[in-house]
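Here the structure is laid out as structure tokens; the discussion comes afterwards.
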Protein chains: 2
Amino acid sequence: MVTIKDIAAKMHISTSTVSLVLNHRYDKRVRPDLARDILRTAEEMGYHYNELAASLRKGATHTIAFISDQVATTPYAGEIIHGAQDAARQLGYMMFIIDADGKRNLEQDLSHMLGWGVGGYIYAKFANRLVSVPHALNDRPVVVVNATERNGAHPSIAPDEVGIGYSATKYLLDAGCRRIAYIGVGVGTLAQTGRMTGYKNALHDAGIPFDNRLIVRVSQGTPAFEAVERLLDETKPDGVFAFNDARAVYVYDYAFKHGLTIGSDLSVIGVDNHEVICDTTVPALTSVELPHYEMGFWGACKVISMIEGGDPITENRATPAYHAVTIPTVSGDKSPALIPCAIIAKQSVVGEVS
Amino acid sequence: MVTIKDIAAKMHISTSTVSLVLNHRYDKRVRPDLARDILRTAEEMGYHYNELAASLRKGATHTIAFISDQVATTPYAGEIIHGAQDAARQLGYMMFIIDADGKRNLEQDLSHMLGWGVGGYIYAKFANRLVSVPHALNDRPVVVVNATERNGAHPSIAPDEVGIGYSATKYLLDAGCRRIAYIGVGVGTLAQTGRMTGYKNALHDAGIPFDNRLIVRVSQGTPAFEAVERLLDETKPDGVFAFNDARAVYVYDYAFKHGLTIGSDLSVIGVDNHEVICDTTVPALTSVELPHYEMGFWGACKVISMIEGGDPITENRATPAYHAVTIPTVSGDKSPALIPCAIIAKQSVVGEVS
DNA sequence: CTGAAAGCGCTAACAT
DNA sequence: ATGTTAGCGCTTTCAG
């Protein structure tokens, strides 16, 4: 292993000069040509900066941890992780990943992370609900992603659920639908209540009275399908806003069973833009995409800004590789930060090209 | 921050004694009561073991990295990560996560990881195909997970694709099906060819001649549905083995459209046990589950055994929190290690309880 | 502009 | 059975 000492020895200079140059902080302190030489020699000798030694000396580590109790069961965890890691990399941070299933494990992992000098934590959930971060994390830099912190004790970012309901419903209205049903879920999460509120607001703004008979809230399986079937049979809507893509599938089932054509006889829009569903359904399902990548990206930027100050996004120190929607500024003080969601148009709404 | 020096000072003993005790390696070298005192004092003083300092001194870090170029797009990445992290934690390792989209990034990340002294790498893919690990990784401990290393240059673990085809088909045969169709995919991956081979083998063993008209290979969307519809119309099978759950959905669509009942008129089995599909379909889809957790677990155990020797699984140093199938021994020398897959029975095959 | 030297917290000979 | 001490590779005053 080659060290700065080796480089210094070989070049007959001191380690401090080498260190300065390798940290790109040799403004007016090292002769430019010497600096170039050092860089070249380091390269030639196959030098690798030792983060361990540097962190030990500096007492700070440039690491964050991504913690979730459901990395395993979260179909979109990958997108959040991807966004967070993209930002972390651009800011020179490494990211540990911790699947915190069970309190005991988290305690142990946390102590381990303290030992590693982990500077900040991203706490991610699989669906937008009120959460409390584990006690052990409470007095450190934590950002809650894809959920809403119960007491505002930590910054959090979550999808704009009301906006989702509003824009999905408006999309159907703009396509000409007038009798729009809503298929929700049984449990009253932030997502459920928010999306339904948006649905009502959009109807109201369009001057269409809210009709309770057009609402159904189902879980899954046969009972769910039967409830949806009953709703559609009895109310004959021309458009359906489904809480998520999985629920939208019941509308497809209904259409197949009753000889209707989705996208002309009946329009439907889901939420999730779930790859497997939206690319498999015939015709392809139009859906609102939850900005998982963007939330992960924001989360990493936020927690790093809590560690070292500044706003990596507005300062252009981190640029998302992908974003369907605008990422909020890190410096904003509203919590939860609400992130808008984009409609991914396919072919399940009347008027869309096929 | 409290250090072993602080503990030593407070107790009027030497740092080496403290170090020995805190590393649980004080067999016959420290008085048991002194050891107990040290442990207690450390606890009281809020001491945290400094992994950075220890790693720097020892020249080894107890870290691995999980690398994938598609953490983002892999719906099951979470399960693989979960399995790997479970094993890593039990073996005292921390796991970095790297989403390697793009060569440039990987180079940069890799250099960063070398600086951190990362000891081993898990290279995971989203589907079983022949892969080459990135050049830069080649002379380090690497394990390929959920894919097959092209030249056998690194150990790898992948689902037993032939076994999947065989057991799914046999499951239909055992349920009484005699005309079994196969819906495959267009591209000839290891998964496609393997599953189809298993299908043929099972038919052969049951004395049923292979009929090419019962085979269709489709991608997705309307053309896919139409091809499936044609197959089912023309050949009227009593069972369908689908390459994956997404393709099985077309059989459901067909059944709805033609007034058939899945699970009695027509049996179908998929692969993936995709939560969204298998819990949404009516009736619920029976499916072969790919052992993602188990592969991740195996991968971490394997790479750690490459670093420090031994076999964590057979030595009971790591125990999976979940396993539907038996995890292969790490010491096995076949590569790729083939991991069996379990059928998760639901209600889409004749004879299953509903 | 460059060098010398102390020390981050821990481990492992080597002493005692 | 316990203590002393020399570093691991790097950063950072402080001197020149």
Side-chain angles (χ1 to χ4, degrees), chain A residues 1-39 41-42 45-63 92 111-119, chain B residues 1-39 41-42 45-63 92 111-119:
Chain A
M1 168 184 270
V2 24
T3 72
I4 57 170
K5 214 164 151 186
D6 299 332
I7 300 177
K10 178 158 191 175
M11 299 184 69
H12 306 291
I13 55 178
S14 82
T15 58
S16 23
T17 307
V18 177
S19 174
L20 242 29
V21 170
L22 292 177
N23 281 286
H24 304 103
R25 313 197 275 89
Y26 52 98
D27 329 358
K28 290 291 139 209
R29 318 184 50 181
V30 181
R31 290 197 327 273
D33 55 328
L34 210 207
R36 249 204 344 276
D37 277 4
I38 292 174
L39 258 9
T41 319
M45 297 177 72
Y47 170 78
H48 277 285
Y49 184 80
N50 187 323
E51 302 274 356
L52 243 38
S55 297
L56 175 60
R57 174 62 228 240
K58 290 193 287 198
T61 57
H62 282 206
T63 53
S111 147
H112 209 160
M113 286 187 285
L114 282 177
W116 275 104
V118 172
Chain B
M1 167 183 271
V2 25
T3 73
I4 57 170
K5 215 163 151 185
D6 299 331
I7 300 177
K10 176 155 191 177
M11 298 185 68
H12 307 290
I13 55 179
S14 82
T15 59
S16 30
T17 307
V18 177
S19 173
L20 242 27
V21 170
L22 291 178
N23 281 286
H24 304 104
R25 313 197 274 90
Y26 52 98
D27 328 359
K28 291 292 140 209
R29 318 184 49 180
V30 181
R31 288 197 331 272
D33 56 327
L34 210 207
R36 249 203 344 276
D37 278 4
I38 293 174
L39 258 7
T41 317
M45 297 177 72
Y47 170 79
H48 276 287
Y49 184 80
N50 187 322
E51 302 273 356
L52 244 38
S55 297
L56 175 59
R57 175 61 228 241
K58 289 192 288 199
T61 57
H62 283 204
T63 54
S111 146
H112 209 162
M113 286 188 284
L114 282 177
W116 275 104
V118 172

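In what follows, every chain begins at residue 1, and chains take the letters A, B, ... in the order their sequences are listed. The structure presented is a predicted model; accordingly, all values stated were derived computationally and were not measured.
- As a whole-Å value, the separation of B/I13 CD1 from D/dT4 C1' is 14 Å.
- Counting to the nearest Å, the C1' atom of D/dC10 and the CG atom of A/L22 are 11 Å from each other.
- In this structure, A/L52 reaches neither bases nor backbone, as no heavy-atom distance under 4.0 Å exists between it and the strands shown.
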Under 4.0 Å protein heavy-atom contact, by nucleotide of nucleotides 11-16 of chain D - B base, S sugar-phosphate only: BB----
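- Atom NE2 in B/H48 sits roughly 12 Å away from atom P in C/dC10 (whole-Å rounding).
- Applying the ring pair (Phe, Tyr, Trp, His ring centres under 6.0 Å) criterion to A/H48, with sequence neighbours excluded, gives no partner residue.
- Side-chain N/O atoms of B/T3 include none lying less than 4.0 angstrom from OP1 or OP2 on C/dG9.
- Rounded to whole Å, the distance from CG on A/N50 to P on D/dG7 is 18 Å.
- For B/S16, the side chain to side chain donor-acceptor pair (under 3.5 Å) criterion is met by B/S14, not counting sequence neighbours.
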List the atom pairs, donor and acceptor, that lie under 3.5 Å between side-chain atoms in residues 31-39 of chain B and the rest of the protein, sequence neighbours left out.
{"from": "B/R31", "atom 1": "NE", "to": "B/D33", "atom 2": "OD1", "distance (Å)": "3.3"}
{"from": "B/D37", "atom 1": "OD1", "to": "B/R40", "atom 2": "NH2", "distance (Å)": "3.3"}

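- With sequence neighbours left out, B/L56 forms a side chain to side chain contact (heavy atoms under 4.5 Å, CB included) with A/N50, A/A53, A/L56.
- Legend: residues meeting side chain to side chain contact (heavy atoms under 4.5 Å, CB included) with A/T61, ordered by chain and number and at least two apart, are A/S55, A/T63, B/L52, B/W116.
- Residue B/M45 places its CE atom among more than 12 non-hydrogen atoms of other residues, nucleotides or ligands, all under 6.0 Å distant.
- Rounded to an integer number of Å, the gap from CG of A/L56 to C1' of C/dC10 is 8 Å.
- Between A/L34 atom CG and C/dC1 atom C1' there is a gap of 9 Å when expressed in whole angstrom units.
- Atoms CE (A/M45) and P (D/dG9) sit 13 Å apart, rounded to a whole Å.
- A sub-4.0 Å separation between OP1 or OP2 of C/dT2 and a side-chain N or O of A/S14 is absent.
- Going from atom CD1 of B/I4 over to atom OH of B/Y49 covers 9.0 Å, rounded to the nearest 0.5 Å.
- The separation between A/K5 atom NZ and C/dG3 atom P is 16 Å, rounded to whole Å.
- In this view, A/H62 satisfies the side chain to side chain donor-acceptor pair (under 3.5 Å) rule with no residue, not counting sequence neighbours.
- Each end of the helix from C/dC1-D/dG16 to C/dT16-D/dA1 gets its own axis from five base pairs, and the two axes differ in direction by 40°, given to 10 degrees.
- Residue B/Y47 forms a side-chain contact (heavy atoms from CB on, under 4.5 Å) with just one option from B/T41, B/V18, B/I7, and that option is B/I7.
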